[in-house]
Amino acid sequence: MNDIHPIYQNDFGIAFKWKKDKPGQNNRVQVIFRDIGLLLTLSELRHFSKCIADTIKNGKGNLCGDCKTKESCRSLLLNTPAHQITFAVSYQEAIEVRDLISGTLFKLELDSFFGELGIG
């Protein structure tokens, strides 16, 4: 944990910036959930947030009616900023990823706002 600046985390994952960015990776956020790691720009985080919202909106009505595992079944497809990559997630995982990305965006925007004010 000494090599990172944590931004936001929940029980499902964590978002952080590396203290020592590699060339070409500055201003990118590392997001890790499940066994997946994504290195995203702010614009890509916003796009991913929209993808998650679409998955949750469209997935809610597609859950199998009386299935006992419908909340944990990875039957939803979650698009990513990398158009060739899509994740299979459960409805609950989509909710957790939404919280992770929304919390990350909120914290980044709050930090940016205070930075513009010269606070912090």
Exercise for review: Decide whether Ile56 and Leu77 are clustered together by the hydrophobic rule: side chain heavy atoms of Ile, Leu, Val, Met, Phe, Trp, Tyr closer than 4.5 Å, transitively.
Suggested key: no
Review point. Would Asp54 and Lys50 pass as an ion pair if we require N to O under 4.0 Å?
Key: no
Exercise for review: Taking all heavy atoms of Ala15 and all of Thr104, pick out the closest pair and write down the distance.
Suggested key: CB-OG1, 3.1 Å
**Study point:** Asn10 (side chain) donor-acceptor with Glu96 (main chain) under 3.5 angstrom
**Key:** yes
Review point. Should Phe16 and Gln9 count as side-chain neighbours, where that means a heavy-atom distance under 4.5 Å?
Key: no
Practice item. With the side chain counted from C-beta on, respond yes when Arg34 and Val89 share a heavy-atom pair under 4.5 Å apart, and no when they do not. Key: yes
Review point. If you take all heavy atoms of Leu40 and Pro81, which pair is closest and at what distance?
Key: CD2-CG, 4.1 Å
**Study point:** Pairwise distance CG(Leu76) to CG(Leu78) - rounded to 0.5 angstrom
**Key:** 8.5 Å
Review point. At their closest point, which heavy atom of Ile7 faces which heavy atom of Lys107, and how far apart are they?
Key: O-CG, 3.6 Å
Check your understanding: Does some side-chain heavy atom of Val29 sit less than 4.5 Å from a side-chain heavy atom of Leu108?
Key -> yes
Review point. Minimum heavy-atom separation for Arg28 to Lys17, with atom names?
Key: O-CG, 3.7 Å
Review point. Hey, does the side chain of Thr80 reach the backbone of Phe87 with a donor-acceptor pair shorter than 3.5 angstrom?
Key: no
Point to revise | Pair Glu93 + Arg98, salt bridge at N-O below 4.0 Å | key: no
**Study point:** Distance (rounded to the nearest 0.5 Å) between Leu105 CG and Glu109 CD
**Key:** 5.5 Å
Check your understanding: How long is the span from the CD1 atom in Ile14 to the CD1 atom in Ile32, to the nearest 0.5 Å?
Key -> 7.5 Å
Practice item. Anything under 30° is parallel, anything over 60° is perpendicular, the rest tilted; go ahead and classify Phe48 against Phe33. Key: parallel
Study note, to complete from the structure: d(His47 NE2, Leu42 CG) to nearest 0.5 Å is 13.5 Å
Check your understanding: Do Leu100 and Tyr8 have side chains that get closer than 4.5 Å, going by heavy atoms?
Key -> yes
Practice item. Give the minimum heavy-atom separation between Ile101 and Leu45, together with the two atoms involved. Key: CG2-O, 3.7 Å
Revision key, fill the gap. Distance col, row Arg46:CZ vs Cys51:SG, nearest 0.5 angstrom, shows 14.5 Å
